[in-house]
Amino acid sequence: MSTEKTLILVKPDGVSRQLIGEVIARVENKGYVITALRMMQADRALLERHYEEHKGKPFFEPLVEFMMSGPIVAMVAEGNRVIEGFRSLAGVTDPTVAAPGTIRGDLARDQGTKVVQNIVHGSDSPESAAREIEIFFGK
Ligand code: IDP
Ligand code: MG
């Protein structure tokens with residue numbers, strides 16, 4: 001049985017607030033294994049691919065611009081049910097209501113911006129994880 005993989009991003013707000021280590025610590029303390037890691041400046045083409053499911057939504061352009069606004073950290077974490085497990089560690093999308101104890105609930109809040117700034121991204125299904133890992137790390 002092969003263990004599951006997920007793509008995690010520390011978004012530009014997390015990097016600029018020096019929360020890379022905090023995010024990594026939460027992933028590792030939970031028991032998942034980080035098997036790939038890179039810091040990068042994402043370009044528009046990569047982000048439009050990554051967020052293609054949101055094309056046409058009002059927050060799509062602000063989202064792409066926000067994600068290009070500074071460096072991000074991409075990583076692959078592995079472990080049984082890591083996709084679900086990291087989504088649980090991250091908390092819900094809106095940081096105002098994300099549960100305390102989660103990354104978004106503890107470390108983010110509404111900044112009044114067009115796009116929700118919420119520190120991290122995590123894949124939401126095995127299909128998305130495979131697609132997103134290929135975008136950031138290749139085959
Ligand atoms: P997720 O990151 O929790 O999976 P998605 O619905 O996939 O949430 O949305 C991707 C990202 O787009 C979110 O993390 C957030 O930064 C932003 N976003 C999602 N919904 C909204 C919205 O309604 N308004 C503004 N920004 C949003
Ligand atoms: Mg999503």
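Position 1 is the first residue of the sequence, and the numbers go up from there.
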For this session: Let me see the working for Arg131 and Glu52 under salt bridge (Lys or Arg N to Asp or Glu O under 4.0 Å), right down to the final yes or no.
Result: CA-CA 11 Å; Arg131 193 182 72 81; Glu52 71 182 10; 3.5 Å; yes
For this session: Evaluate the side chain to side chain contact (heavy atoms under 4.5 Å, CB included) criterion for residues Arg104 and Asp94: first the C-alpha distance (whole Å), next the side-chain angles of each, then the deciding distance (0.1 Å), finally the verdict.
Result: CA-CA 8 Å; Arg104 290 162 168 177; Asp94 179 356; over 6 Å; no
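In the hydrophobic cluster analysis, where Ile, Leu, Val, Met, Phe, Trp and Tyr join through side-chain heavy atoms closer than 4.5 angstrom, Ile34 is grouped together with Leu19. No path of Ile, Leu, Val, Met, Phe, Trp and Tyr side chains, each step under 4.5 Å between heavy atoms, connects Val115 with Leu107, placing them in separate hydrophobic clusters. With hydrophobic clusters built from ILVMFWY side chains whose heavy atoms lie under 4.5 angstrom apart, Phe137 shares a cluster with Leu47. Met39 and Ile24 end up in the same hydrophobic cluster when Ile, Leu, Val, Met, Phe, Trp and Tyr side chains are linked at under 4.5 Å. Under the 4.5 Å side-chain heavy-atom criterion for grouping Ile, Leu, Val, Met, Phe, Trp and Tyr, Ile72 is not connected to Ile103 through any hydrophobic cluster.
Residue pairs meeting the side-chain hydrogen bond (donor to acceptor under 3.5 Å, both in side chains) criterion with at least one member in residues 106-120, sequence neighbours excluded, are Lys11-Asn118, Arg26-Asp106. Residue pairs satisfying the salt bridge (charged side-chain N to carboxylate O under 4.0 Å, His left out) criterion with at least one member in residues 71-86, sequence neighbours excluded, are listed as follows: Lys5-Glu78, Arg81-Glu84.
In terms of the side-chain contact (heavy atoms from CB on, under 4.5 Å) criterion, residue partners of Arg49 (sequence neighbours excluded) are, by chain and number, Ile135. Partners of Ala25 by side-chain contact (heavy atoms from CB on, under 4.5 Å), not counting sequence neighbours, listed by chain and number: Asn29.
Residues Ile8 and His121 fail the side-chain proximity criterion, which asks for heavy atoms closer than 4.5 Å. Two residues are said to be in side-chain contact when any heavy atoms from C-beta on lie closer than 4.5 Å; Leu46 and Phe136 meet this criterion. A heavy-atom distance below 4.5 Å is not found between the side chains of Val73 and Leu9. In this structure, Val33 and Glu28 have side chains that are not in contact, with every pair of non-hydrogen atoms separated by 4.5 Å or more. Side chains of Val23 and Ile119 form a contact here, defined as non-hydrogen atoms less than 4.5 Å apart. The side-chain heavy atoms of Arg87 and Val120, taken from C-beta on, include no pair separated by under 4.5 Å.
Contact detail for Gln41 and Met68: the closest heavy-atom pair is NE2-O, 2.8 Å. Residues Ala129 and Ile83 come closest through the heavy atom pair CB-CD1, 4.0 Å. In this structure, Tyr32 and Ala77 approach most closely via the heavy-atom pair CB-CB, 4.4 Å. Across Thr102 and Gly105, no two heavy atoms sit closer than the pair OG1-N, 2.9 Å. Between Val10 and Met75, the shortest heavy-atom distance links the atoms CG2-CE, 3.8 Å. Residue Pro71 comes nearest to Val15 through the heavy atom pair O-CG2, 3.4 Å, listed as atom of the first residue, atom of the second, then distance.
Val97 belongs to a hydrophobic cluster whose remaining members, ordered by chain and number, are Val92; membership requires side-chain heavy atoms of ILVMFWY residues under 4.5 Å apart, directly or through intermediates.
Between the side chain of Glu4 and the backbone N or O of Val82 there is at least one donor-acceptor pair closer than 3.5 Å.
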Scan the side chains in residues 55-67 for donor-acceptor partners under 3.5 Å anywhere in the protein, sequence neighbours excluded, and list what turns up.
from	atom 1	to	atom 2	distance (Å)
Lys57	NZ	His54	ND1	2.9
Glu61	OE1	Arg44	NH1	3.1
Glu61	OE2	Arg44	NH1	3.4
Glu61	OE2	Arg44	NH2	3.0

